[in-house]
Amino acid sequence: MSRNFISYSLFEPKKLYKHRTYDADKEKLERYWYNLPAVALINSVLYPEYEMRLSVCPETLKNPLFDFYIKLSNSSDKYSYRVVEENYTAHEPALWRMSLLWNQQSHIVLSRDIDSVPNIHEYQSTKVFEQSNYAVHTIRSHP
């Protein structure tokens, strides 16, 4: 049975990037937690036929704010997470969210940033992509 996923990575940053001058929260390690409840709720409304999957590092499980997502995952099969045991000292694992592309059950995989809630242009673009014959779609909505 094929399934649709919205896939995210959630991990403890090991390096903060100074070049992100547009990002007022770039120094805040907790910044990736800000939108987690909103993203889960908005996804359930806009994309009821999708499952939300988080790929996380072991440290994520220790964060008290992750209890929310664990409870959500335990209450509904629309939410899940996988723990990735990888030493990512030389890179940040944002690409973990792409791993579902190699899952035989995946039909559509939307790879998203956890600190960004879907906006109307992304939603409309995704709906057009779902009806297309294309295998890949990309959108860069940040100014």
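Worth knowing before you read on, the calculation uses all heavy atoms, side chains too, and leaves out hydrogens, waters and symmetry mates.
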J.: Does His137 have any ring pair (Phe, Tyr, Trp, His ring centres under 6.0 Å) partners at least two apart in sequence or in another chain, and if so, which?
T.: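 Ring pair (Phe, Tyr, Trp, His ring centres under 6.0 Å) list for His137, sorted by chain: Phe129.
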J.: Name all residues meeting the side chain to side chain contact (heavy atoms under 4.5 Å, CB included) criterion together with Glu85; count only those two or more places apart in sequence or in a different chain, and write none if there are none.
T.: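 Result, side chain to side chain contact (heavy atoms under 4.5 Å, CB included) vs Glu85: Pro58, Val83.
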J.: Not counting sequence neighbours, which residues clear side chain to side chain contact (heavy atoms under 4.5 Å, CB included) with Ser106? List them please.
T.: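 Only Phe5, Leu100, Asn103, Val109 meet the side chain to side chain contact (heavy atoms under 4.5 Å, CB included) criterion with Ser106.
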J.: Who pairs with Arg3 by salt bridge (charged side-chain N to carboxylate O under 4.0 Å, His left out), at least two apart in sequence or on another chain?
T.: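 For Arg3, the residues satisfying salt bridge (charged side-chain N to carboxylate O under 4.0 Å, His left out) (neighbours in sequence not counted) are Glu51.
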J.: Please round to the nearest 0.5 Å and tell me the distance separating atom CG of Leu110 and atom CD1 of Ile139.
T.: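 Atom-to-atom, Leu110:CG and Ile139:CD1 are 11.0 Å apart.
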J.: Establish whether Leu61 and Leu65 are linked, either directly or via other cluster members, by ILVMFWY side-chain heavy-atom contacts under 4.5 Å.
T.: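 They do share one cluster, since a chain of ILVMFWY contacts under 4.5 Å joins Leu61 to Leu65.
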J.: Are Tyr134 and Tyr123 connected into the same hydrophobic cluster when the rule is that any two of I, L, V, M, F, W, Y join if their side-chain heavy atoms are below 4.5 Å apart?
T.: yes
J.: Go through the structure and list residues passing side chain to side chain donor-acceptor pair (under 3.5 Å) with Ser9, not counting sequence neighbours.
T.: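 Side chain to side chain donor-acceptor pair (under 3.5 Å) check on Ser9 returns nothing, list empty.
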J.: Drop me the distance from Cys57's SG to Leu10's CG, to the nearest 0.5 angstrom.
T.: 7.0 Å
J.: For the backbone of Leu72 and the side chain of Ser75, can you confirm whether one donor and one acceptor N or O come within less than 3.5 Å of each other?
T.: yes
J.: Residues sharing Trp96's hydrophobic cluster, by side-chain heavy-atom contacts under 4.5 Å among ILVMFWY, directly or via others?
T.: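 For the cluster that includes Trp96, the remaining residues are Phe11, Val84, Tyr88.
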J.: Measuring from Met52:CE to Ile114:CD1, what's the distance to the nearest 0.5 Å?
T.: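 Atom-to-atom, Met52:CE and Ile114:CD1 are 4.5 Å apart.
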J.: Sequence neighbours left out, what pairs pass ring-ring contact (aromatic ring centres under 6.0 Å, His included) with at least one residue falling in residues 53-74?
T.: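 As it turns out, the ring-ring contact (aromatic ring centres under 6.0 Å, His included) pairs with a partner in residues 53-74, which skip direct neighbours, are Phe66-Tyr69, Phe66-Tyr81.
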J.: Just to verify, what does Ser99 make a side chain to side chain donor-acceptor pair (under 3.5 Å) with, not counting sequence neighbours?
T.: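 Partners of Ser99 by the side chain to side chain donor-acceptor pair (under 3.5 Å) criterion, ordered by chain and then number, come out as Arg82.
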J.: Supply the atom-to-atom distance Asn4 CG to Thr126 OG1, rounded to the nearest 0.5 angstrom.
T.: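 If I round to the nearest 0.5 Å, the distance is 11.0 Å.
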J.: Under 3.5 Å, side-chain donor or acceptor atoms of residues 42-49 against the rest of the protein: list the pairs with distances, not counting sequence neighbours.
T.:
| residue | atom | partner | partner atom | Å |
| --- | --- | --- | --- | --- |
| Asn43 | ND2 | Tyr8 | OH | 2.9 |
| Asn43 | ND2 | Val39 | O | 3.3 |
| Ser44 | OG | Leu41 | O | 2.6 |
| Glu49 | OE2 | Lys127 | NZ | 3.0 |

J.: For Asn74, which residues count as a side chain to side chain contact (heavy atoms under 4.5 Å, CB included) partner, sequence neighbours excluded?
T.: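 For Asn74 the side chain to side chain contact (heavy atoms under 4.5 Å, CB included) partners, ignoring immediate neighbours, are Ile70.
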J.: Go through the steps to decide whether Thr60 and Trp33 satisfy the test side-chain contact (heavy atoms from CB on, under 4.5 Å), and finish with yes or no.
T.: CA-CA 10 Å; Thr60 300; Trp33 297 94; 3.6 Å; yes
J.: Drop me the distance from Ser80's OG to Leu54's CG, to the nearest 0.5 angstrom.
T.: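 CG of Leu54 is found 7.5 Å from OG of Ser80.
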J.: Name all pairs fulfilling the salt bridge (Lys or Arg N to Asp or Glu O under 4.0 Å) condition that reach into residues 52-67, sequence neighbours left out, sorted by first residue then second.
T.: none
J.: Just how far is it from atom OG of Ser7 to atom CD1 of Ile108, taken to the nearest 0.5 Å?
T.: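 The distance works out to 14.0 Å.
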